[in-house]
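Notes follow once the structure below has been shown.
In this text the structure is predicted, and so the values were computed from the model without any measurement.
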Amino acid sequence: MNHPLMTGLLVLIGALVCAPASIGQQEQTEGTRRIVSRITPQYPEMARSIRLSGSVKAEALVEPNGVVKTVEVKGGNPVLVRAAQSAIYKWKWAPAAHETLEPIEVKFDPN
């Protein structure tokens with residue numbers, strides 16, 4: 001049964017099955033990598049003076065050797081963002097086979 005519709009369907013299914021595997025090899029998106037060295041962010045003086053608390057959510061793109069390549073802020077008070085980013089860039093993760101995206105939440109509390 002070499003029906004053109006059936007052949008097209010099989011090609012489409014084959015492409016869909018193979019696509020996730022090739023994407024997954026470039027970059028993992030789960031935050032399962034162990035942090036080897038975590039630097040505590042410096043609490044911004046302005047935030048301390050007004051007793052500002054909160055958190056900054058970010059995603060770090062971590063190279064296979066564990067070094068942070070980029071940090072993308074996903075949310076948080078702008079007064080706290082720079083301190084969180086500066087600290088995250090100094091963090092180090094365990095080595096891995098590929099770059100990974102690591103979700104991070106940095107909490108700030110004046111107490």
* Side chains of Pro110 and Arg48: closer than 4.5 Å at any heavy-atom pair? -> no

* Mind listing the closest non-hydrogen atom pair of Ser53 and Asp109 along with its distance? => CB-CA, 4.1 Å

* Structure fact -> One should read off an interatomic distance between Leu101 CG and Thr70 OG1, to the nearest 0.5 angstrom, of 7.5 Å

* Structure fact -> Taken to the nearest 0.5 Å, the spacing of Arg82 CZ from Gln42 CD works out to 13.5 Å

* More than 12 non-hydrogen atoms from neighbouring residues, nucleotides or ligands closer than 6.0 Å to CD on Glu105, yes or no? -> yes

* Begin with the C-alpha distance, continue with both residues' side-chain angles, and end with the deciding distance and a verdict on side-chain contact (heavy atoms from CB on, under 4.5 Å) for Asn77 and Phe108. => CA-CA 10 Å; Asn77 189 304; Phe108 292 86; over 6 Å; no

* What is the distance from atom CH2 of Trp93 to atom CG of Asn65, rounded to the nearest 0.5 Å? -> 12.0 Å

* **Residue pair Ala83 / Pro44: nearest heavy atoms and the distance that separates them** => CB-CG, 3.9 Å

* Sub-3.5 Å donor-acceptor pair from the side chain of Ser49 to the main-chain atoms of Met46, do we have one? -> yes

* Asked: Under 4.5 Å between side-chain heavy atoms, hopping through other hydrophobics if needed: is there a path connecting Tyr89 to Val36?
  -> no

* Asked: When rounded to the nearest 0.5 angstrom, what is the spacing between CD1 in Ile104 and CH2 in Trp91?
  -> 5.0 Å

* Atom pair CD (Glu45) and CD1 (Ile50), whose distance is rounded to the nearest 0.5 Å -> 11.0 Å

* Asked: Would a hydrophobic clustering, with Ile, Leu, Val, Met, Phe, Trp and Tyr connected at side-chain separations under 4.5 Å, put Ile39 with Val67?
  -> no

* Is it true that Glu59 and Lys74 have a side-chain N and a carboxylate O under 4.0 angstrom from each other? -> yes

* Give the C-alpha distance, both sets of side-chain angles, the deciding distance and a yes or no for side-chain contact (heavy atoms from CB on, under 4.5 Å) between Lys90 and Val68. => CA-CA 7 Å; Lys90 297 174 187 170; Val68 176; over 6 Å; no

* Residue of the set Glu99, Glu63, Glu102 for which salt bridge (Lys or Arg N to Asp or Glu O under 4.0 Å) holds with Lys69 -> Glu99

* Structure fact -> Minimal heavy-atom distance between Thr40 and Ala87, with the atoms involved, is C-CB, 4.3 Å

* Nearest 0.5 Å please: distance from the CD atom of Glu72 over to the CD atom of Gln85. => 10.0 Å

